[in-house]
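Please read these numbers as outputs of a predicted model, since none were measured by experiment.
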Amino acid sequence: MDRLPFQATTAGALYDRIDVLPAAIVLDNVRSLYNVGAFFRTADAARVEKLWLCGITGRPPKHAIAKTALGAEETVPWEHAWDPAPVVRSMRESGREIAAIETSVHAVDLFDWTPRFPVTVIFGHEVEGIRPELSALCDTHVRIPMLGTKHSLNVATAGGVVLYEFLRKYRGMV
């Protein structure tokens, strides 16, 4: 069986009206270059507006990023900022909803949440999560349902789950 690009399938027509998904991603202190590369690849696949690499998060050109991103680091717009707070404040002032992807007592379920596009989602350090001062800047905290014994996903896996839920919801709006 030959593999076809998704756009060539009947199901792909549902996404024809989406030139860019009005979503930006902030990665704050994500230490694994492989996770960063995976975010680039998923951001390209979902046509995300921009990727912000903040704090100690690695940035291209790095072999480990390129190995996982498979060239997406060349196609996805990105910037680096040591301090994400001014970036997030600026995005909020421009009318974007800011959402932390993190389990907290105030978090809403990803599948119940209706993001207000354009939206910016923040993912934090693989072990410590989002810094409290950055979390305080968020309008919404969103959790991905966890049914097993573990209470979290790999950060890049969580990014994929969230971005594809965005695509599903945004598709119904355009």
Side-chain angles (χ1 to χ4, degrees), residues 20-104 107-108 110 113 115-144 146 150-167 169-170:
V20 174
L21 181 66
I25 301 167
V26 173
L27 300 182
D28 185 43
N29 289 333
V30 172
R31 55 184 186 172
S32 166
L33 297 177
Y34 296 106
N35 282 336
V36 174
F39 265 100
F40 269 104
R41 186 130 169 235
T42 305
D44 176 78
R47 290 191 185 154
V48 168
E49 289 176 325
K50 191 169 194 175
L51 191 54
W52 282 90
L53 310 174
C54 298
I56 65 165
T57 303
R59 53 195 184 275
K62 295 274 192 289
H63 175 73
I65 292 173
K67 182 176 181 175
T68 310
L70 294 178
E73 74 280 17
E74 302 293 332
T75 62
V76 174
W78 66 273
E79 279 188 57
H80 176 263
W82 284 107
D83 183 359
V87 172
V88 170
R89 281 190 204 100
S90 174
M91 286 191 233
R92 174 186 277 127
E93 289 168 8
S94 74
R96 300 180 79 89
E97 179 178 12
I98 310 297
I101 307 303
E102 181 129 287
T103 299
S104 74
V108 298
L110 172 66
W113 174 50
R116 293 183 319 270
F117 292 102
V119 64
T120 296
V121 288
I122 302 174
F123 294 88
H125 186 274
E126 289 92 337
V127 175
E128 298 179 17
I130 297 170
R131 292 185 266 177
E133 60 271 22
L134 195 54
S135 181
L137 295 174
C138 295
D139 302 306
T140 309
H141 289 76
V142 179
R143 73 175 165 271
I144 298 169
M146 297 287 137
K150 300 301 174 190
H151 301 288
S152 66
L153 292 171
N154 167 276
V155 67
T157 301
V161 169
V162 169
L163 290 178
Y164 275 85
E165 179 64 3
F166 279 2
L167 269 179
K169 288 177 177 173
Y170 188 68

Nearest heavy-atom pair of [X] and [Y]: which atoms, and what distance?
X: Ala46; Y: Tyr164; answer: N-OH, 4.1 Å
X: Thr68; Y: Ala38; answer: CG2-N, 3.4 Å
X: Pro60; Y: Leu53; answer: CD-CD1, 4.0 Å
X: Ala85; Y: Asp83; answer: N-OD1, 3.0 Å

Between [X] and [Y] (side chain of the first, backbone of the second, donor and acceptor by atom type, cut-off under 3.5 Å), is there such a pair?
X: Glu97; Y: Pro115; answer: no
X: Thr42; Y: Phe39; answer: no
X: His80; Y: Gly55; answer: yes
X: Arg96; Y: Val119; answer: yes
X: Thr57; Y: Asn29; answer: yes

Below 4.5 Å, heavy atoms only, C-beta onward: do [X] and [Y] meet side chain to side chain?
X: Leu153; Y: Ile144; result: yes
X: Asp44; Y: Phe40; result: no
X: Leu110; Y: Val162; result: yes
X: Trp52; Y: Pro84; result: no

Would Val121 and Phe166 satisfy side chain to side chain contact (heavy atoms under 4.5 Å, CB included), going step by step from the backbone distance to the final call? CA-CA 11 Å; Val121 288; Phe166 279 2; 3.4 Å; yes

Going by atom type alone, with no hydrogens or angles, which donor-acceptor pairs under 3.5 Å involve a side-chain atom of residues 122-131 and a protein atom two or more places apart or on another chain?
residue: His125; atom: ND1; partner: Val127; partner atom: N; Å: 3.0
residue: His125; atom: ND1; partner: Glu128; partner atom: N; Å: 3.0
residue: Glu126; atom: OE1; partner: Arg31; partner atom: N; Å: 2.9
residue: Glu126; atom: OE2; partner: Arg31; partner atom: N; Å: 3.3
residue: Glu126; atom: OE2; partner: Ser32; partner atom: N; Å: 3.0
residue: Glu126; atom: OE2; partner: Asn35; partner atom: ND2; Å: 3.0
residue: Arg131; atom: NE; partner: Asp28; partner atom: OD2; Å: 2.8
residue: Arg131; atom: NH2; partner: Asp28; partner atom: OD1; Å: 2.6
residue: Arg131; atom: NH2; partner: Asp28; partner atom: OD2; Å: 3.0

Could you grab the distance from atom [atom1] of [X] to atom [atom2] of [Y], nearest 0.5 Å is fine?
X: Asp139; Y: Ile98; atom1: CG; atom2: CD1; answer: 6.0 Å
X: Arg47; Y: Leu163; atom1: CZ; atom2: CG; answer: 14.0 Å
X: Ile101; Y: Cys138; atom1: CD1; atom2: SG; answer: 8.5 Å
X: Leu51; Y: Glu79; atom1: CG; atom2: CD; answer: 11.0 Å
X: Thr140; Y: Glu102; atom1: OG1; atom2: CD; answer: 14.0 Å
X: Glu49; Y: Leu21; atom1: CD; atom2: CG; answer: 7.5 Å

Residues in side chain to side chain contact (heavy atoms under 4.5 Å, CB included) with Leu33, at least two apart?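 Leu33 satisfies side chain to side chain contact (heavy atoms under 4.5 Å, CB included) with Lys62, Ala64, Ile65 once adjacent residues are dropped.
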
Please test Glu165 against Lys169 for salt bridge (Lys or Arg N to Asp or Glu O under 4.0 Å), starting from the C-alpha separation and ending with a verdict. CA-CA 6 Å; Glu165 179 64 3; Lys169 288 177 177 173; 3.3 Å; yes

Assess the residue pair Leu134 and Val88 against the criterion (side chain to side chain contact (heavy atoms under 4.5 Å, CB included)); give the C-alpha distance rounded to whole Å, side-chain angles, the decisive distance to 0.1 Å, and a yes or no. CA-CA 8 Å; Leu134 195 54; Val88 170; 3.8 Å; yes

Before giving the answer on side chain to side chain contact (heavy atoms under 4.5 Å, CB included), spell out for Arg89 and Leu137 the whole-Å C-alpha distance, their side-chain angles and the decisive distance to 0.1 Å. CA-CA 7 Å; Arg89 281 190 204 100; Leu137 295 174; 4.1 Å; yes

